[in-house]
Colleague: 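Below you will find the structure I want to go over with you.
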Amino acid sequence: MADTDIPESLIALERAAWVEQQVGALTVETAAAVQQAYTDHAAATGQSRHELEKTVKQLVRHPAT
């Protein structure tokens, strides 16, 4: 995880989506924005989109692990 460059803006988007999901209010717009951010960042940095998403979700949903 430490080798992955993750912008705070991507973490913030995932946090917002997670909060919406937890209260049953995840919108298509929020979900699409997060997915587009993953795709854009992965393409710009040459990272695996899947690994990037997995890492960010781990940071947001399970910060202590």
Side-chain angles (χ1 to χ4, degrees):
M1 247 192 286
D3 294 336
T4 304
D5 174 33
I6 302 171
E8 185 57 40
S9 59
L10 184 53
I11 294 170
L13 279 172
E14 181 60 44
R15 279 189 186 126
W18 182 237
V19 168
E20 287 183 16
Q21 189 175 2
Q22 293 300 293
V23 298
L26 180 63
T27 65
V28 171
E29 292 79 13
T30 300
V34 173
Q35 293 304 310
Q36 190 62 54
Y38 283 133
T39 300
D40 293 347
H41 186 70
T45 61
Q47 296 178 56
S48 161
R49 188 201 169 288
H50 172 73
E51 289 300 317
L52 175 64
E53 184 173 354
K54 185 171 108 176
T55 299
V56 173
K57 285 184 177 185
Q58 178 72 23
L59 287 169
V60 169
R61 297 177 184 190
H62 309 285
T65 59

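No hydrogens, no waters, no symmetry mates; every other heavy atom, side chains included, goes into these values.
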Colleague: Set out, in order, the CA-CA distance, both residues' side-chain angles and the distance that settles side-chain contact (heavy atoms from CB on, under 4.5 Å) for L10 and L52, then state yes or no.
Modeller: CA-CA 10 Å; L10 184 53; L52 175 64; 4.0 Å; yes
Colleague: Do V60 and L26 share a hydrophobic cluster, counting only Ile, Leu, Val, Met, Phe, Trp and Tyr and linking them when any side-chain heavy atoms are less than 4.5 Å apart?
Modeller: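 No, V60 and L26 fall in different hydrophobic clusters.
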Colleague: So, for H41 and I6, which heavy atoms are closest and what is the spacing to 0.1 Å?
Modeller: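 Taking every non-hydrogen atom into account, NE2-CA, 4.3 Å.
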Colleague: Would you tabulate the side-chain donor-acceptor contacts of residues 15-25 under 3.5 Å, counting partners in other chains and residues two or more places apart, or write 'none'?
Modeller:
unit_1, atom_1, unit_2, atom_2, d
R15, NH1, E8, OE2, 3.2
E20, OE1, T27, N, 3.1
E20, OE1, T30, OG1, 3.0
E20, OE2, T30, OG1, 3.0
Q21, OE1, R61, NH2, 3.4

Colleague: Going by the rule side-chain hydrogen bond (donor to acceptor under 3.5 Å, both in side chains), which residues pair with S48 if we only count those two or more places apart in sequence or in a different chain?
Modeller: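 For S48 there are no side-chain hydrogen bond (donor to acceptor under 3.5 Å, both in side chains) partners, ignoring immediate neighbours.
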Colleague: L59 and L13: same hydrophobic cluster, using ILVMFWY side-chain contacts below 4.5 Å?
Modeller: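 Yes; L13 is reachable from L59 via cluster members.
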Colleague: Indicate yes or no: at least one non-hydrogen side-chain atom of T55 is less than 4.5 angstrom from one of Q58.
Modeller: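 No, their side chains stay 4.5 Å or more apart.
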Colleague: Which residue pairs pass the salt bridge (Lys or Arg N to Asp or Glu O under 4.0 Å) test with at least one member in residues 23-50, sequence neighbours excluded?
Modeller: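 As it turns out, the salt bridge (Lys or Arg N to Asp or Glu O under 4.0 Å) pairs with a partner in residues 23-50, which skip direct neighbours, are R49-E53.
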